[in-house]
Amino acid sequence: MDLTSYLNKEVDLVIDREVGSRHPKFENIVYPINYGYIPNTKNDDGDEIDVYVLGTEKPLKTYRGKVVAIIHRLNDDDDKLIVTANNYQPTDDEIEEETEFQEKYFKHKIIR
């Protein structure tokens, strides 16, 4: 699925893995950032579109923010949106650093 239509748009999120929580299947993965999804959407993997939230360190349950980038996975069908808080504009290196805990397992590129 081409997620570029979400770039620079505001989206409403449900956070199902807040800062400090563990991955439900891989206990060794602890979320250093909030991670959630856009309700009532579908990605190529059949689940809702997943989102990393950057720019806030407090655990969230819901959030409204702006999509500033996409992590396009080259060896998986589960691209991720990057949503930021408070007009935060992370560099590609900052996105890589913040999402490395999970994205290190996938070949990917950042789309703006």
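Atoms considered below: every heavy atom in the structure, side chains included; atoms not considered: hydrogens, waters and symmetry mates.
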Completion exercise
Separation between CD1 (I15) and OH (Y35), nearest 0.5 Å, reads 10.5 Å
Exercise for the section: Please check if atom CD in E97 has more than 12 non-hydrogen atoms from other residues, nucleotides or ligands closer than 6.0 Å. Expected result: no
Practice task
Could you tell me whether the side chain of Y31 reaches within less than 4.5 Å of the side chain of R22, counting heavy atoms only?
Solution key: no
Handout entry: Spacing of Y52 atom OH and R17 atom CZ [to the nearest 0.5 Å]
Key = 9.5 Å
Problem - Pairwise side-chain contact, N8 with K66, heavy-atom cut-off 4.5 Å (strictly under) - result: yes
Practice task
Decide yes or no on side chain to side chain contact (heavy atoms under 4.5 Å, CB included) for V83 and L54, but give the supporting numbers first.
Solution key: CA-CA 6 Å; V83 169; L54 307 185; over 6 Å; no
Exercise for the section: Determine whether more than 12 heavy atoms belonging to other residues, nucleotides or ligands lie under 6.0 Å from atom CD of E27. Expected result: yes
Practice task
Give, for atom CG of D79 and atom CG of D50, the distance between the pair rounded to the nearest 0.5 Å.
Solution key: 10.0 Å
Handout entry: Closest non-hydrogen atom pair, I111 against L7
Key = O-CD2, 4.2 Å
Practice task
Taking the side chain as every heavy atom from C-beta outward, state whether I70 and K80 have any pair of such atoms under 4.5 Å apart.
Solution key: no
Exercise for the section: Identify the two heavy atoms, one from Y88 and one from G55, that lie closest to each other, and give their separation to 0.1 Å. Expected result: CD2-CA, 3.6 Å
Exercise for the section: Spell out, yes or no, whether V53 and V11 are grouped together once hydrophobic residues are joined by side-chain heavy atoms under 4.5 Å, including indirect joins. Expected result: yes
Practice task
Determine yes or no for a side-chain-to-main-chain donor-acceptor pair under 3.5 angstrom, with N34 supplying the side chain and L60 the backbone.
Solution key: yes
Handout entry: Check: N43 side chain, D45 main-chain N or O, donor-acceptor pair, under 3.5 Å
Key = no
Exercise for the section: Answer whether the closest heavy-atom distance between the side chains of D47 and Y37 falls below 4.5 Å. Expected result: no
Handout entry: Flag side-chain contact, heavy atom, 4.5 Å: P90 against V68
Key = yes
Exercise for the section: Verify the neighbour count for atom CG of D77: are there more than 12 heavy atoms of other residues, nucleotides or ligands below 6.0 Å? Expected result: yes
Practice task
Report yes if some heavy atom in the side chain of R112 is under 4.5 Å from a heavy atom in the side chain of I95; otherwise report no.
Solution key: yes
Handout entry: Beyond-backbone contact of E18 with K58, side-chain heavy atoms, under 4.5 angstrom
Key = no
Handout entry: Short side-chain to backbone donor-acceptor contact, E94 and T91, under 3.5 Å
Key = yes
Exercise for the section: Could you tell me whether a side-chain N or O of D12 sits under 3.5 Å from a main-chain N or O of R64, the two making a donor and an acceptor? Expected result: no
Practice task
Determine yes or no for a side-chain-to-main-chain donor-acceptor pair under 3.5 angstrom, with T62 supplying the side chain and V14 the backbone.
Solution key: no
Handout entry: In one Ile/Leu/Val/Met/Phe/Trp/Tyr side-chain cluster, 4.5 Å: F26, F101
Key = yes
Exercise for the section: Hey, could you give me the CG/NZ distance between N75 and K107, rounded to the nearest 0.5 Å? Expected result: 7.0 Å
Problem - Y63 reachable from V19 in the ILVMFWY side-chain graph, under 4.5 Å edges - result: no
Practice task
Examine distances only and state if a side-chain atom of T99 and a backbone atom of E103 form a donor-acceptor pair shorter than 3.5 Å.
Solution key: no
Handout entry: NZ on K61 to CG on L13, rounded to 0.5 Å
Key = 14.0 Å
Practice task
Starting at CD1 of I71, measure out to CG of L81 and round the result to the nearest 0.5 Å.
Solution key: 9.5 Å
Practice task
Measure the shortest side-chain to side-chain distance between L3 and I49 over non-hydrogen atoms and say whether it is less than 4.5 angstrom.
Solution key: yes
